[in-house]
Amino acid sequence: MLGFLRFLVIGFVLLSVLYGLLIVYVRSLTRERLEDEWAQEGSIGDREAYVEEGIKEYERSFRPKLLLLVYILPLIAFCVIFYVTNFM
Amino acid sequence: MRYAKWTLIALIVLLVGGFLHYTLPQHDIVRIVNTYEERQDISGWTSMFWQAPDNGSTTTQNRDVQFIQAVRPNGKSIVYRNEDTGWGWPPYFKFDTANLYTEANDAISNKDTPEWVSVTHYGWRSQVLSLFPNAMGIKPVPGPDATIIPWVNIVILTFLAVVLLLIWRMLAQFRERTITPLVEDVEDAWDVMDEKKDNAVDKVKGWFKKR
């Protein structure tokens, strides 16, 4: 039981680190894409405002929630491994 | 310097490769001939090649371990240990040691009527260090030269490659978006400082010219 708890805690911490890194990385990619878009559209208006607006829109969309798969996929993998090792 | 670099790279490849070779599952096609249980004194540095003691028995350094004896198609022998991995490393979550022992006993066959099985296992056999690979599963196969496609390894190695690629891309992004602008800022600051210094020097020179 203690082993299970340790496994759970360590797994959660590691996945949280990965989750945090991915959030920062994807946001950085989005920001870069928005900056390029702004330049392609002819550099109209304030660059900062355009990018901030785009970031807000990104955060409202479904895509950042997809990063929660970082927690869900390992959970599924764990269930599959557990089943295959012990019950197949 | 070049030798040092290549030695380091070779060492890293050896370490990572060895780790993967030890941890990832492998399949042996064998004929199981016997099983036995033996008290093992698990101590010293090789204890890391055995499972960690159960909770509540952390002080005991010896315990009974199940073994599965088998013979390969070429006549060479191989002995597996049969231990729970539990929640520990490597993450196979094996709890069915007793069942596997039963299956192994059920699959015992002799030379005249051989019954070939594929034993999934991880770990290394070392006669000198008394190391045994840990058996994970037993599956009957039609013959001694049946082919087994290592799907699990394909998936895991592909996944690892994707993770490495992701880390590389993340670092590149971090360098491009965070480090480079920072360096440019510092360079700009230096330029401003330089200009100020030049102006000051010119001023001082000017004093002397006037004189």
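Proteins come first, then strands; the chains are lettered A, B, ... in the order of their sequence lines, and each starts at number 1.
Residues A:Y25 and B:L166 form a side-chain contact, since some pair of their non-hydrogen atoms from C-beta on lies under 4.5 Å apart.
Heavy atoms of other residues, nucleotides or ligands lying less than 6.0 angstrom from CD of A:E57 number 12 at most. Other residues, nucleotides and ligands contribute at most 12 non-hydrogen atoms within 6.0 Å of the CD1 atom of B:I149. Counting non-hydrogen atoms of other residues, nucleotides and ligands closer than 6.0 Å to OH of B:Y36 gives a total above 12. No more than 12 heavy atoms of other residues, nucleotides or ligands sit less than 6.0 Å from atom CZ of B:R175. Counting non-hydrogen atoms of other residues, nucleotides and ligands closer than 6.0 Å to CZ of A:F12 gives a total of 12 or fewer.
Distance check: B:W87 CH2 to A:F78 CZ gives 4.0 Å after rounding to the nearest 0.5 Å. Residue A:N86 holds its CG atom at 10.0 Å from CG of B:L100, rounded to the nearest 0.5 Å. Here CD of B:Q173 is found 13.5 Å from CZ of A:R27. Values are rounded to the nearest 0.5 Å. To the nearest 0.5 Å, atom CZ of residue B:R177 and atom CZ of residue A:R31 are 7.5 Å apart.
At least one donor-acceptor pair under 3.5 Å links the side chain of A:T85 to the backbone N or O of B:Y92.
Both the backbone and the side chain of A:L22 come within contact range of chain B, each with at least one heavy atom under 4.5 Å from a heavy atom of that chain. Of the atoms belonging to A:L21, heavy atoms from both backbone and side chain fall under 4.5 Å from chain B.
With chain B as partner, the option from A:F82, A:F4, A:F7 having the largest number of non-hydrogen pairs under 4.5 angstrom is A:F4. Counting heavy-atom pairs under 4.5 Å between each of B:R169, B:K94, B:M170 and chain A puts B:M170 at the top.
Evaluation of the salt bridge (charged side-chain N to carboxylate O under 4.0 Å, His left out) test over residues 101-129 of chain B, restricted to residues two or more places apart or in two chains, returns none.
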